[in-house]
Amino acid sequence: MKVESYLMFEGRCEEALDFYRSALGAKVGTLMRYKDNPEPAAGQGCADGSGPGPTPEMVMHAEFTVGETTLMASDGMGSGKARFQGISLALSPASEAEAQRLFNALADGGQVQMPLAKTFFSQAFGMVADRFGVPWMVVAPE
């Protein structure tokens with residue numbers, strides 16, 4: 001059994017996948033759009049009434065890899081209100097230089113929560129929420 005992360009971008013999934021390709025060298029494997037579903041869900045709109053619901057072009061399911069890790073992603077119900085609370089994705093680059101490059105890439109258009117710096121447990125540790133609100137910790141080994 002595995003536990004895998006599934007990120008719901010609520011309408012910005014394809015944009016996020018493009019960003020992670022550029023920033024992290026992500027590789028997208030599977031990508032299915034809502035229009036590809038042979039059995040679309042009954043009814044329209046978001047379950048919570050917060051938006052119009054997914055359009056046919058939105059991403060229903062995607063799988064992508066960052067390094068050795070597979071992540072999954074979707075536009076969810078397309079509410080436009082992605083919320084990533086109570087979690088962080090952690091990157092473990094091999095060097096301080098790679099940590100700096102990845103941190104800067106994720107910070108582009110995002111919000112630095114803790115600048116990248118040496119700590120007692122890491123040669124370079126920092127926390128940033130990327131432009132989609134996904135929280136990341138960058139932790140280079142000591």
Side-chain angles (χ1 to χ4, degrees), residues 1-117 119 121-142:
M1 174 171 45
K2 294 192 299 185
V3 175
E4 296 179 300
S5 299
Y6 208 117
L7 305 171
M8 307 300 265
F9 289 97
E10 294 301 321
R12 296 182 70 192
C13 187
E14 193 157 10
E15 180 185 353
L17 293 173
D18 289 341
F19 175 72
Y20 296 139
R21 278 185 190 114
S22 172
L24 305 176
K27 294 181 177 30
V28 176
T30 303
L31 192 142
M32 292 183 282
R33 299 185 187 282
Y34 279 93
K35 69 180 181 181
D36 299 328
N37 184 357
E39 298 176 12
Q44 295 293 317
C46 293
D48 65 2
S50 63
T55 66
E57 292 300 320
M58 284 184 176
V59 176
M60 183 173 70
H61 173 76
E63 290 182 8
F64 65 105
T65 58
V66 176
E68 299 174 24
T69 302
T70 299
L71 298 157
M72 294 180 278
S74 174
D75 275 318
M77 293 306 293
S79 72
K81 300 175 188 172
R83 292 182 194 102
F84 301 100
Q85 298 175 326
I87 60 102
S88 286
L89 299 179
L91 287 174
S92 301
S95 70
E96 183 178 356
E98 183 67 357
Q100 188 69 56
R101 185 188 72 75
L102 294 169
F103 188 85
N104 290 342
L106 290 168
D108 182 20
Q111 181 179 16
V112 173
Q113 298 161 330
M114 175 183 245
L116 196 67
T119 68
F121 59 87
S122 172
Q123 61 181 320
F125 172 79
M127 296 171 30
V128 61
D130 68 28
R131 63 181 66 177
F132 306 98
V134 176
W136 294 86
M137 291 188 291
V138 178
V139 188
E142 185 56 46

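Worth knowing before you read on, the calculation uses all heavy atoms, side chains too, and leaves out hydrogens, waters and symmetry mates. Every value quoted in this text rests on a predicted model; they were computed, and no experiment measured them.
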**Q** Which is it for Leu89 and Leu7 under the side-chain contact (heavy atoms from CB on, under 4.5 Å) test, yes or no, and what are the steps along the way?
**A** CA-CA 10 Å; Leu89 299 179; Leu7 305 171; 4.1 Å; yes
**Q** Rounded to the nearest 0.5 Å, what's the gap from CD on Glu96 to CD on Glu142? Could you check?
**A**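 Between Glu96 CD and Glu142 CD, I get 9.5 Å after rounding to 0.5 Å.
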**Q** Any heavy-atom pair between the side chains of Asp36 and Met60 that's under 4.5 Å?
**A**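 With C-beta onward as the side chain, the pair stays apart.
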**Q** Go through the steps for Glu10 and Met77 under the test side-chain contact (heavy atoms from CB on, under 4.5 Å), then give the verdict.
**A** CA-CA 6 Å; Glu10 294 301 321; Met77 293 306 293; 4.2 Å; yes
**Q** Measuring only between side-chain heavy atoms, which start at C-beta, is Tyr20 closer than 4.5 Å to Val134?
**A**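 Of all side-chain heavy-atom pairs linking Val134 with Tyr20, at least one is under 4.5 Å.
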**Q** Counting N and O atoms only, with roles assigned by atom type, does the side chain of Asp130 sit under 3.5 Å from a partner on the main chain of Pro135, one being a donor and the other an acceptor?
**A**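 No, the answer is negative, given that no donor and acceptor are paired below the 3.5 Å cut-off.
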**Q** Measure the spacing between CE of Met137 and OG of Ser92 and express it to the nearest 0.5 Å.
**A**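 Answer for the CE-OG pair, Met137 versus Ser92, is 9.0 Å.
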**Q** State the CE-OG distance between Met8 and Ser74, to the nearest 0.5 angstrom.
**A**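 Output value for this atom pair is 4.5 Å.
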**Q** Assess the residue pair Trp136 and Leu24 against the criterion (side-chain contact (heavy atoms from CB on, under 4.5 Å)); give the C-alpha distance rounded to whole Å, side-chain angles, the decisive distance to 0.1 Å, and a yes or no.
**A** CA-CA 12 Å; Trp136 294 86; Leu24 305 176; 3.7 Å; yes
**Q** Give the minimum heavy-atom separation between Leu116 and Ala124, together with the two atoms involved.
**A**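 Heavy atoms only, the tightest pair is CD1-C, 3.8 Å.
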**Q** Over all heavy atoms of both residues, which pair between Val139 and Pro93 is shortest? Give the atoms and the distance, please.
**A**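 The answer is O-CD, 3.6 Å.
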**Q** Check Ala26 against Val66 and note the closest heavy-atom contact, atom names and distance.
**A**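 Heavy atoms of Ala26 and Val66 come nearest at CB-CG2, 4.0 Å.
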**Q** For Gln123 and Pro141, indicate whether the former's side chain and the latter's backbone hold a donor-acceptor pair under 3.5 Å.
**A**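 Flag set: sc Gln123 to bb Pro141 pair under 3.5 Å.
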**Q** Just how far is it from atom CZ of Arg12 to atom CG of Asp18, taken to the nearest 0.5 Å?
**A**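 It is 12.0 Å, given to the nearest 0.5 Å.
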**Q** Under 3.5 Å, side chain of Thr70 to main-chain N/O of Thr65, donor-acceptor pair present?
**A**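 No, because the side chain of Thr70 does not come within donor-acceptor range (under 3.5 Å) of the backbone of Thr65.
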**Q** So, applying ring pair (Phe, Tyr, Trp, His ring centres under 6.0 Å) with Phe84, which one of Phe9, Tyr6, Phe132 is it?
**A**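 With Phe84 as partner, Phe9, Tyr6, Phe132 yield a single ring pair (Phe, Tyr, Trp, His ring centres under 6.0 Å), made by Phe9.
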**Q** Indicate the atoms forming the closest heavy-atom contact of Phe64 with Leu17, along with that distance.
**A**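 Heavy atoms only, the tightest pair is CD2-CD2, 3.5 Å.
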**Q** Using every non-hydrogen atom in the two residues, find where Leu102 and Ala23 come nearest and quote the distance to one decimal.
**A**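 Looks like CD2-O, 3.8 Å.
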**Q** Do any N or O atoms from the side chain of Gln111 and from the backbone of Ala129 form a donor-acceptor pair under 3.5 angstrom?
**A**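 Absent.
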**Q** Between atom CD of Glu15 and atom CZ of Arg131, what is the distance when rounded to the nearest 0.5 Å?
**A**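 Taking CD in Glu15 and CZ in Arg131, the distance rounds to 7.0 Å.
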**Q** Is any side-chain heavy atom of Leu106 closer than 4.5 Å to one of Leu91?
**A**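 Counting from C-beta outward, Leu91 and Leu106 do come under 4.5 Å.
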**Q** State, with a plain yes or no, whether a side-chain heavy atom of Pro54 is found less than 4.5 Å away from one of Asp75.
**A**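 The answer is no; the side chains never approach within 4.5 Å.
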**Q** Would the distance check show the side chain of Glu63 and the main-chain N or O of Met72 forming a donor-acceptor pair, the cut-off being under 3.5 Å?
**A**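 No, Glu63 side chain to Met72 backbone: no donor-acceptor pair under 3.5 Å.
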